[in-house]
Each structure stands twice: as C-alpha cells, then as structure tokens.
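In what follows, every chain begins at residue 1, and chains take the letters A, B, ... in the order their sequences are listed.
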Number of protein chains: 2
Amino acid sequence: MLALAEAGGPVHAEWVATSQDIPRRFCDNILLQLRRAGLINSQRGPDGGYWLARSPGEISLADVIRVTEGVEQAAKPFPKAAAPLEEIWARLHDHEHTLLREITLADIMTSGGPPP
Amino acid sequence: MLALAEAGGPVHAEWVATSQDIPRRFCDNILLQLRRAGLINSQRGPDGGYWLARSPGEISLADVIRVTEGVEQAAKPFPKAAAPLEEIWARLHDHEHTLLREITLADIMTSGGPPP
DNA sequence: TAGATTCCTACTTGTACAGTAGGAATCATA
DNA sequence: TATGATTCCTACTGTACAAGTAGGAATCTA
C-alpha cells in the first residue's frame with residue numbers, strides 16, 4: 001500500500017489509487033488508517049496530499065502490517081488440548097515478525113517516479 | 001486435531017470428539033479429511049475406529065496443515081505493483097514450511113492415555 | 001467565496017471457515 | 001442372516017472478517 005507513497009514528496013490520493021490500480025474511495029480509507037497510525041502525514045485542501053512521516057529507511061514492513069491487524073488479533077485463546085502447539089506458533093510468529101521488522105520500505109523501493 | 005489420534009491404537013470418533021472438546025459431527029468431518037489425505041486409516045462397523053497411518057515420528061505438522069489448506073491456496077496472483085513483496089512473502093512461507101516439516105507429532109506428544 | 005482535497009462514519013457484499021444435518025455404506029457379532 | 005454400531009458421503013447454515021461503496025462534513029489555497 002505504502003509502496004508508492006514513497007514517491008518522494010506529497011501526492012494526491014487520486015494518484016496513489018491509479019498507480020496501485022485500486023478504487024479511489026478504497027484508497028482513501030487505507031491512507032486514512034495509515035495516517036491515524038502515524039505512518040504518514042497529510043494536508044487538506046488544494047495542494048494537499050500525503051507523504052511519509054519518516055524516511056523510507058525508517059519504516060519497516062512490520063509497521064505497515066500492524067496497521068491492518070487489529071492489535072495482533074488480541075491473541076485468541078487456544079482450543080485447549082493444543083497447548084504444545086502454542087509454543088511453536090509463538091516461535092513462528094516471532095521469526096516472522098523479526099524478519100518483517102528488518103525490512104524497510106527503502107529495501108523494496110525500485111523505481112516509479114511521481115508526477116508534478 | 002490429530003494431536004490425540006496418537007493414542008496408540010484405534011479409537012472411535014466419539015472419543016476423539018470428547019477428548020478434544022469439539023462437536024461429534026464436526027469431528028467426523030475432520031477425521032474424514034485426514035483419512036482422504038492418507039494420514040490416518042479407518043475401519044467401519046463395531047470395533048471400528050481411526051488410527052495413524054504412519055508412526056507419530058513420521059508425520060509432520062506440515063502434513064497435517066496441508067490437509068486444511070486447499071492446495072496452498074493456489075498461489076493467488078499478487079495485486080500488481082507489489083512485485084518486490086512477492087519474494088519476501090516467498091521467503092517467509094519457505095521458512096515457515098521448513099520449520100513445520102521438521103516438527104513431528106512425536107515431538108508434541110505429551111500424555112493422555114486412551115480408553116479400552 | 002469557490003473549488004479541490006482530505007476526513008469521518010456507516011453501509012453493502014463476497015468469501016472462507018466453523019458447525020449442522022440426514023442418511024447411506026460397511027462391518028462384527030450373535 | 002438380522003442387528004446395531006460405526007464410519008462415510010453430500011449438502012446446507014451461519015457467522016466473522018476483509019474488500020469495497022457511499023454520502024457528506026471539514027479544511028485549505030487561491
């Protein structure tokens with residue numbers, strides 16, 4: 001989602017939507033969530049737009065993903081009798097999270113210049 | 001699910017259901033899936049029941065999980081523009097799968113004796 | 001003031017998963 | 001061979017969550 005918000009400077013939701021090939025209205029909602037999470041900043045009115053709150057190298061994939069997941073799904077209680085699985089599950093998610101925290105937006109930025 | 005099927009010998013679906021605290025009918029369906037996947041064997045009629053097709057040490061968690069996931073979800077095409085993410089996602093699932101393949105049922109068996 | 005843009009809230013829809021249900025097939029035993 | 005216990009098959013329901021839609025208010029530049 002953010003993948004193209006690192007276009008350098010401020011861009012309109014309209015541009016993000018078309019560049020990502022998703023509906024305009026839908027894009028609005030996502031950008032709104034990201035702003036509430038503090039990952040991006042915004043400015044209203046003409047000449048408004050969105051831009052990253054921190055530099056691409058300081059935003060990890062974990063940061064972005066956490067926005068979607070409602071507080072890590074509140075760690076739902078295991079279905080009993082599966083106690084030994086709980087530890088394994090924890091290990092998996094631990095490693096996953098560690099990896100996602102190491103990778104920043106800068107790592108996956110390739111190209112795609114922004115418009116005026 | 002199988003976690004208690006390693007009760008040693010053949011057991012009834014009824015016993016599995018109560019021991020796992022899930023509805024009887026629901027348990028039936030799961031056991032049926034597992035049998036179709038070749039993970040367990042079964043025998044009808046009185047004195048029938050279910051038992052593991054291989055020894056607990058030869059059944060990995062990956063085997064069990066694969067039964068649920070419909071052919072790895074058919075590798076749905078990525079939403080475009082997210083190409084760089086594809087590699088990362090692959091790495092994650094690779095590691096996850098590797099870990100799950102190393103862990104067998106024998107590793108997480110603890111206790112819980114079967115009935116006559 | 002006017003137009004452009006973000007912002008908020010709520011609604012609709014599609015889909016996958018958990019669970020339900022009815023009965024047929026099969027087998028041991030008597 | 002009849003009986004009852006058990007697995008087996010197919011289909012349905014219900015529910016939670018993500019994807020997407022929608023209307024209009026708030027805010028800013030010019």
Distance below 4.0 Å between [X] side-chain N/O and [N] OP1 or OP2:
X: B:Arg36; N: D:dT10; answer: yes
X: A:Arg25; N: C:dC11; answer: no
X: A:Arg35; N: C:dC8; answer: yes
X: B:Ser42; N: D:dC8; answer: yes

- Hey, is the side chain of B:Asp28 pairing donor to acceptor with the base of D:dT6 inside 3.5 Å?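 Check fails, no donor-acceptor contact within cut-off.
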- Task: Check the pair A:Asp63 / A:Arg54 against salt bridge (Lys or Arg N to Asp or Glu O under 4.0 Å), numbers first and verdict last.
- Result: CA-CA 12 Å; A:Asp63 289 331; A:Arg54 308 194 296 268; 3.2 Å; yes
Just the rounded figure in Å: distance from [atom2] of [N] to [atom1] of [X].
X: A:Gln33; N: D:dA18; atom1: CD; atom2: P; result: 10 Å
X: A:Asn29; N: C:dC7; atom1: CG; atom2: P; result: 12 Å
X: B:Phe26; N: D:dC12; atom1: CZ; atom2: P; result: 19 Å

- Only one of B:Leu31, B:Ile59, B:Leu32 clears side chain to side chain contact (heavy atoms under 4.5 Å, CB included) with B:Ile40; which?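 Only one of B:Leu31, B:Ile59, B:Leu32 forms a side chain to side chain contact (heavy atoms under 4.5 Å, CB included) with B:Ile40, namely B:Leu31.
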- Message: From the set C:dC7, D:dC8, C:dA21, return the single nucleotide nearest to any side-chain atom of A:Tyr50.
- Response: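 My answer, after comparing the listed nucleotides, is C:dC7.
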Pairwise N/O distances under 3.5 Å, protein to nucleotides 25-29 of chain C:
unit_1 : atom_1 : unit_2  : atom_2 : d
C:dA25 : N3     : B:Arg44 : NH1    : 3.3
C:dT26 : O4'    : B:Arg44 : NE     : 3.3
C:dC27 : O3'    : B:Gln43 : NE2    : 3.2

